[in-house]
Asker: 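I have a structure here, written as structure tokens, and I will follow up with some questions on it.
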Amino acid sequence: MIAALAFYLFAAILIGSAVMVVTARNPVHSVLFLILGFFNAAALFLLAGAEFLAMILVIVYVGAVAVLFLFVVMMLDINFAQMREGFQRYAPVGATVGAMLLLELGIVLGGWKFAPDAANFRFAPRIAELENTAHLGQLLYTDYILLFQLSGLVLLVAMIGAIVLTLRDRGPSRRQIIARQIARKASETMVMVDAPIGTGVGAADYLHPIPEAAEKPDTHEHAHAGHGGH
Amino acid sequence: MNWTLAIPEIVLSCCGMAILLYGVLSRGNAFFMSSMLSVGALLLTGVLVLSTDAGSGFFGLFITDAFSAYIKLTILVAAALSIVMALGYAEHANMQRFEFPVLILLCSVGMLVMASASSLMTLYMGIELMSLSIYVLAAFARDDLRSSEAGLKYFVLGALASGLLLYGISLVYGFAGSMSFDALGAALADPKKVSAGLVTGIVFIVAGLAFKISAVPFHMWTPDVYEGAPTPVTAFMGTAPKVAAMALLVRSLAGPFSDLLGQWQQLIILVSIASMLLGSLAAIGQSNIKRLMAYSSIGHMGYALIGLAAGTPAGIRGVLIYLVTYVFMNSGTFACIIAMRRRGRAVEGIADLGGLSKTDPGLALALAIFMFSMAGIPPFSGFWGKYFIFSAAVAQGMWPIAVIGVLTSVIGAYYYVRIIKVMYFDNAEPAFDARPASLSFVAAASCIFTTFFFLFPAPLVAAADAAARALLG
């Protein structure tokens, strides 16, 4: 009873948020509704006993994909009003295509003949006493451990390859040397400067030591950093 | 589970990662040291291969037997020779980076897994590990336009071949219901279960593997990639991966698909004849010695396929002997090619060899021996490789293909002997630079094997015989 109630609740919210994804005016709202939809789908998986899929859905889709979407939508300056401009004009064509597809789907499903014992093969064979997470883990890390480790080696080779083929040692770049950063004292880096009124401080006063070549771009960068957060 | 069967692979990959760490953490150039360590790791792995028992491990994904041990030792020797050859080359080409031997080690892991594959999935993972490393190695001289082109070309075509292979695997899995070689063999023993879809799958698998051994009609990439890749990489590509891919072809066709001999035999015969013809005819017009070696390798793979087409233990034994003689001939020839360097620049033209017998008699003699051996002239090892293959084909009543093989050998002898003629009878070109000791070592070792194989063939023939019997029962 409670399971059925929960199912209808999650399913209703899922469909509702799916509708909102396509109809919301603000694209950021669309993405947020998408995330809500993912959560509800995960809950449905949980009800169906597929707890691993539920976790993956939350971790991968909500945690990574949807946040990526959100970033893209926020960063890109897309004029959505302009994109929706031709909606009314193209609606009949779209509706016709949609109706055709629905009709074809109906024909296919209507003419479908199930093999008599096909229902028995709907689910992958699994050991009854094992949770499906444990079952998947057993497949990946016990039965196919060789292939799993080999895939790891393939990825390692890909990483080495990317570094070997593209990484170039840029000579004049300034590397961060953490040991040196930690070892230095305030007295070595900080200089108290008396700034006379009306003249301010020059680069020679606050840069210590003065870098040989990169003096000019450095000050430029500092000036920009202040504006970065707008 | 029996994971101890894979100890050679495990040790080799751990060594590879340790050498990688060493290279990253060491100050200064770690190329020489990591190369030496890699050769040591390969030797250690060879010892471990010899001491591994035969059996099946990882729930049937992995198998070790006399066949896999034979192939693995050949692969390890070929990889070690390539690393030694690269020592002399790298300082000129600005390739002295410790990743080079590490990539060869990881590539060797892939090839060892291929030699031990007893499931289509293991087969695929091994091939991918091997291929990915070779794509990177081919483009290793990244400031050289031709090297980058070679890497990219091989990568794109290799991805296509991988796709073909995967498609074939999925068809076989779909129609036969298993990916393990044992189960496939048991399922296919009943001829009624063999459907058209299954045969199509096998054809795709053969096509994917034929790409890796560059057999006609999947050879298009070979000349360009051989020419563009840095020469030690070409030497490596021409030996170990060919051995590994040929071993896979033999293991899958003579293993689980052996009951379908009638189905795949024609295919292998066709590919073999086409490779022999193209290898001998297209090489005639070449003036670049690396391109010539590319066509020569296509032809050699054609000869080796004859033994597979025969489908008997004697034929498989012929293939195995042929592969070993081929590895030594090829490594030696490439050591000579790497030694072709004039005033610091590598030269690759056949005409550059003019009068080598006067300027460098040792190198000329070594190259002459390799060329005679490749042409199949007795008493060099190349002749015996061909002898075992052709005799196996004749024993099966496959006269036509043996005759074609002999004829194409005669055509091929023309361009091998032409190189000897250029070295001994043409006007002398300026002398080559002094060659590093590592190249002399590889050339001398290969030369000794090639020349004196006929005196002591018994150990190799016995090992190959045991390997072939392990496969065909």
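Protein chains get the first letters and strands the later ones, always in sequence-line order, with residue 1 at the start of each. Because only heavy atoms are used, hydrogens play no part in the values below, and waters and symmetry mates are left out as well, while side chains stay in.
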Asker: In terms of heavy-atom contacts, does OH of B/Tyr167 have more than 12 from other residues, nucleotides or ligands at under 6.0 Å?
Answerer: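 It does not: B/Tyr167 OH has 12 such atoms or fewer within range.
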
Asker: So for atom CZ, which belongs to B/Phe58, do other residues, nucleotides or ligands contribute more than 12 heavy atoms lying within a distance under 6.0 Å?
Answerer: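 Counting neighbours around CZ of B/Phe58, more than 12 heavy atoms of other residues, nucleotides or ligands fall under 6.0 Å, so yes.
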
Asker: From B/Met125 CE over to A/Phe148 CZ, what is the distance, rounded to the nearest 0.5 angstrom?
Answerer: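 The CZ atom of A/Phe148 is 10.5 Å from CE of B/Met125, to the nearest 0.5 Å.
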
Asker: Could you measure the distance from the CG atom of B/Leu12 to the CG atom of A/Leu153? Nearest 0.5 Å is fine.
Answerer: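 These two atoms lie 9.5 Å from each other.
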
Asker: Measuring only between side-chain heavy atoms, which start at C-beta, is A/Leu146 closer than 4.5 Å to B/Met121?
Answerer: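 No, side chains not in contact.
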
Asker: Count the heavy-atom pairs under 4.5 Å between each of A/Leu155, A/Leu156, A/Ile160, A/Thr166 and chain B, then report the option with the highest count.
Answerer: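 Of the candidates given, the most pairs with chain B belong to A/Ile160.
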
Asker: Is the number of heavy atoms from other residues, nucleotides or ligands under 6.0 Å of B/Phe31 CZ greater than 12?
Answerer: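 Yes, enclosed.
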
Asker: Could you report the tightest heavy-atom contact between B/Arg142 and A/Ile163, atom names first, then the distance?
Answerer: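 Shortest heavy-atom contact: NH1-O, 4.3 Å.
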
Asker: Any side-chain heavy atom of B/Glu9 within less than 4.5 Å of one from A/Gln149?
Answerer: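 Side chain of B/Glu9 against side chain of A/Gln149, heavy atoms only: no contact under 4.5 Å found.
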
Asker: Non-hydrogen atoms of chain A under 4.5 Å away: do they reach the side chain of B/Leu129, the backbone, both or neither?
Answerer: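 Both backbone and side chain of B/Leu129 come within 4.5 Å of chain A.
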
Asker: Given that the side chain runs from C-beta out, which part of A/Ile145 has a heavy atom under 4.5 Å from chain B: side chain, backbone, both or neither?
Answerer: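 A/Ile145 touches chain B through side-chain heavy atoms alone.
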
Asker: Would you give the length of the straight line joining atom OG of B/Ser147 to atom CG of A/Leu165, rounded to the nearest 0.5 angstrom?
Answerer: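 Rounded to the nearest 0.5 Å, the OG-CG separation comes out at 8.5 Å.
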
Asker: With a 4.5 angstrom heavy-atom cut-off, is it the side chain or the backbone of B/Leu137 that approaches chain A, or both, or neither?
Answerer: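 Answer is neither: B/Leu137 stays 4.5 Å or more from chain A.
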
Asker: Which region of B/Phe59, side chain (C-beta onward) or backbone (N, CA, C, O), has a non-hydrogen atom less than 4.5 Å from a non-hydrogen atom of chain A, or is it both or neither?
Answerer: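 It is the side chain, since no backbone atom gets that close.
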
Asker: Between B/Ile10, B/Val102, B/Leu106, which shows the greatest number of heavy-atom pairs under 4.5 Å with chain A?
Answerer: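 The answer is B/Leu106.
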
Asker: Just do the side chain to side chain contact (heavy atoms under 4.5 Å, CB included) check on A/Arg168 and B/Asp143 with the steps written out, would you?
Answerer: CA-CA 11 Å; A/Arg168 281 172 200 278; B/Asp143 295 321; 3.1 Å; yes

Asker: So what's closer than 4.5 Å to chain A heavy atoms on B/Thr122: side chain, backbone, both or neither?
Answerer: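 It is both, since atoms from each part get that close.
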
Asker: Select one option (side chain, backbone, both, neither) describing which atoms of B/Met17 are under 4.5 Å from chain A's heavy atoms.
Answerer: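 Interface part for B/Met17: side chain.
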
Asker: If you count the non-hydrogen atoms of other residues, nucleotides and ligands that lie under 6.0 Å from CZ in A/Phe38, is the total more than 12?
Answerer: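 Yes - once you tally the heavy atoms of other residues, nucleotides and ligands closer than 6.0 Å, there are more than 12.
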
Asker: Look at atom CG of B/Leu145 and say whether more than 12 heavy atoms of other residues, nucleotides or ligands are closer to it than 6.0 Å.
Answerer: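 Not buried by this count: 12 neighbours or fewer within 6.0 Å.
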
Asker: Using non-hydrogen atoms only, which part of B/Leu132 is less than 4.5 Å away from chain A: side chain, backbone, both, or neither?
Answerer: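 When you check distances to chain A, atoms from both the backbone and side chain of B/Leu132 fall under 4.5 Å.
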
